There are 2 protein chains.
Amino acid sequence: MASHGGRGRSGGRPTLEEVAARAGVGRGTVSRVINGSPRVSDATRAAVEAAVAELGYVPNTAARALAANRTDAIALVVPEPETRFFAEPYFSDMLRGVGAELSDTEMQLLLIFAGSDRERQRLAQYLAAHRVDGVLLVSVHADDPLPDLLSQLEIPAVISGPRSAAESLTSVDSDNYGGGRSAVEHLLGRGRSRIAHITGRLDVYGAQRRAAGYRDALRDAGHPVDELLIEPGDFTEEGGRRAMTTLLSRDPGLDAVFAGSDVMAAGARQVLREAGRRIPDDVALVGYDDSAIARHMDPPLTSVRQPIEEMGRAMIDLLLTEIADRRPATSRGLDRRRAVLPTELVVRASS
Amino acid sequence: MASHGGRGRSGGRPTLEEVAARAGVGRGTVSRVINGSPRVSDATRAAVEAAVAELGYVPNTAARALAANRTDAIALVVPEPETRFFAEPYFSDMLRGVGAELSDTEMQLLLIFAGSDRERQRLAQYLAAHRVDGVLLVSVHADDPLPDLLSQLEIPAVISGPRSAAESLTSVDSDNYGGGRSAVEHLLGRGRSRIAHITGRLDVYGAQRRAAGYRDALRDAGHPVDELLIEPGDFTEEGGRRAMTTLLSRDPGLDAVFAGSDVMAAGARQVLREAGRRIPDDVALVGYDDSAIARHMDPPLTSVRQPIEEMGRAMIDLLLTEIADRRPATSRGLDRRRAVLPTELVVRASS
DNA sequence: ATCACTGGTGGGAGCGCTCCCACAGTACCT
DNA sequence: AGGTACTGTGGGAGCGCTCCCACCAGTGAT
């Protein structure tokens, strides 16, 4: 039914002006109705809404973006190759939370992978062009230049897993310290006393915090902290094996292990088995992440669960307020926000 | 260093006009250089490029979109909940191909899930607003209204897995017919003669084609087609079990089974085992999809591989030409395009 | 010398919005 | 009666591009 105009333009989508003419009001008034301004009388609003419905009017996003200097879109940036994104349920959970929280909004979510250098290049261009109003950053390494680029471009951003205690970006984190504590307190409660800790890579802030929780839990219970019972892994299964081997040689009598991730716990379990230790009878084992591995391990692994989906929701919340705050020009200065969500210990047969 | 202007606008990004002034040329010339028009002298081009570099000019996408009536973005629409998207490697492979093919382009890819009704609603709005230049459609059900919506809105679209032989959208498919043939020919070559077929849901076009390949391969080899050896499954493991049970009761002497998917093959395998049949000694088994299941099955499953990543690339190719063709206004009419990519039989121990 | 062309270039018009200023109308005070 | 204030409204200006027409040299043919 669409009548084609003279030039190549297709479709003849109605414009604000046409809606205004139809409703017998001015352009500005229609704009106010569309944007939900309260300064419109009920009668006028009704007339405009009728015209919008009759004409099937849909705002032109490009025009709006140009005039208002915003895009109504935010990006979820994953500085990893796509493969890892799909492999780890972490991202899937995060995305679910983000999507849910966004569904009440007009905001559009873009998923951007920046694993390769080339993709990084494109991302930088993309951000420089201000094609999004804000950015969600997940799984960022300590030396990544991305956060700096974002602050330089003055693009609102929220990072999941702050890079340090002094993180300059608004951040959302789970309570790694509390998670570490609860794991150790649980083991102590089970009557274990020689509790080892396989940490994650210690340049990852969260791994430091978990270790701190481990230390404080022991100390507060009146146990001395034996540094020989702390051995760094690197979040891999192989790293877990190596660390466990080392720990076992240092103290064959240890009766519990708190691993900084489920994957490392899986590695530790192998070594313990080979050394003839029964789990949990001889050595109790606790992991971190409550991943699928934990559920399927033999015996099923006690693990610290992070509320990843909730973290996604929190990130959106913070980002949206940050974007809203920026709009009225006054950059409110230095009060960086930070959210920390509680973890939960999921007890299974391994402890 | 950015000096703030009088009003609230932030940042002072350079505009075309500023680049033009700096390079000592007109606005139009800069635009030509940016867009790679050949009608610019080398000297002028160099001057403009220098000015662009000095000023760090990045085109304003919104302005371009408004003026040129295009967005330089395409959407990958997944009419499934996110969960399935992550669960099935199909999507991951497809995304890899799409991303790779797009990386030479200025085009931006959006990932849109439309599993729930609410998400569908948003998607419709999104498309009506013409926020993308084209759409990639994957895993669409036969009765989905989305394709019609797209043609109505005159948005270029490419679908993976056409819904029927009369698919109205440009489509990319793997050679399901050839895949079915090759599976059966392989089994015949192994000396099997009573070959059963567990089909997928027959309202899925690809499942029909696989079954057609099965029939023709038998017929061309001089074997009669016994309809009692064809039993529909529904792509699930349970469906595979049911179909296998039925087939075995109809013909206890069958010596091979071609299942329309690896998952159904897994179901069939269970039933065969319980019935005391050895694989492949008594009954040879072939699946379809070459998924992780196939590799991990005991014994490893012979399966037909679809070139999913290549399909992703092909979809982008077709979509981009479709978008380009549309630009010069003349809608070239009725010659719908269609690409069919070859499959490959991966032989393992089950046959 | 005149008349086509042709490759290069400048800049007006306009894309469809938002923002904001101006102004009419009403209400409520002095 | 005149002021003041506030609600609701219309429409100009302008966001930063692309498109296209007009125009200016050259160049070669007449």
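What you see is a predicted model, and the numbers here were worked out from it, not measured in a lab. Here is the naming used below: chain letters follow the sequence lines, and residue numbers restart at 1 for every chain.
In this structure, CD in B/Glu106 is found 7.0 Å from CZ in B/Arg64, a value given to the nearest 0.5 Å. Separation of atoms CD1 (B/Ile323) and CD1 (B/Ile316) is listed at 8.5 Å; rounding is to 0.5 Å.
For the pair B/Asn60 and B/Gly28, nearest-nucleotide mapping onto DNA chain D gives the more 5' position to B/Asn60. Map A/Asn35 and B/Arg45 each onto its nearest nucleotide of DNA chain C; the residue landing nearer the 5' end is B/Arg45.
Distances shown here put every side-chain N or O of A/Ser31 at or beyond 4.0 Å from the OP1 or OP2 atom of C/dC17. Of the side-chain N and O atoms in B/Arg27, none sit less than 4.0 angstrom from OP1 or OP2 of C/dG10. Close to D/dC15, at under 4.0 Å from its OP1 or OP2, lies no side-chain N or O of B/Thr15. In this model, the phosphate group of C/dG10 is approached by a side-chain N or O of B/Thr29 to a distance below 4.0 Å at OP1 or OP2. One finds no side-chain N or O of A/Asn69 lying less than 4.0 angstrom from the OP1 or OP2 phosphate oxygen of C/dT18.
Across C/dC17, C/dG11, D/dG8, the shortest atom-to-atom separation from the side chain of A/Tyr57 is found for C/dC17. Nearest nucleotide to the side chain of A/Ala68, out of C/dC19, C/dG7, C/dC17: C/dC19. The side chain of A/Ala63 approaches C/dC17 more closely than any other nucleotide in the set C/dG10, D/dT18, C/dC17. Relative to the side chain of A/Leu66, the nucleotides C/dT9, D/dG16, D/dG10 differ in distance, and D/dG16 lies closest.
Between the NE2 atom of A/His130 and the C1' atom of D/dC15 there is a distance of 15 Å, rounded to whole Å. With rounding to whole Å, A/Ile34 atom CD1 is found 12 Å from C/dT18 atom C1'. Rounding to whole angstrom units, CD of residue B/Glu17 and P of C/dG12 are separated by 9 Å. If you measure from atom CD of A/Glu18 to atom P of C/dC17, you get 9 Å, rounded to the nearest angstrom. Between the CZ atom of B/Arg32 and the C1' atom of D/dC19 there is a distance of 10 Å, rounded to whole Å. What separates CZ of A/Arg70 from P of D/dC15 is a distance of 17 Å, to the nearest Å. For the pair A/Leu16 CG and D/dG14 P, the interatomic distance rounds to 19 Å; values are reported in whole Å. When rounded to the nearest whole Å, the span between CZ of B/Arg39 and P of C/dG8 equals 7 Å.
When ring centroids are compared, A/Phe85 and B/Phe86 come within the 6.0 Å threshold.
Within a 6.0 Å sphere centred on CD of A/Glu54, other residues, nucleotides and ligands contribute more than 12 heavy atoms.
If you check every strand for non-hydrogen atoms under 4.0 Å, B/Arg64 touches sugar and phosphate atoms only.
Distance alone, capped at 3.5 Å, is enough to place a donor-acceptor pair between the B/Asp133 side chain and the B/Thr71 backbone.
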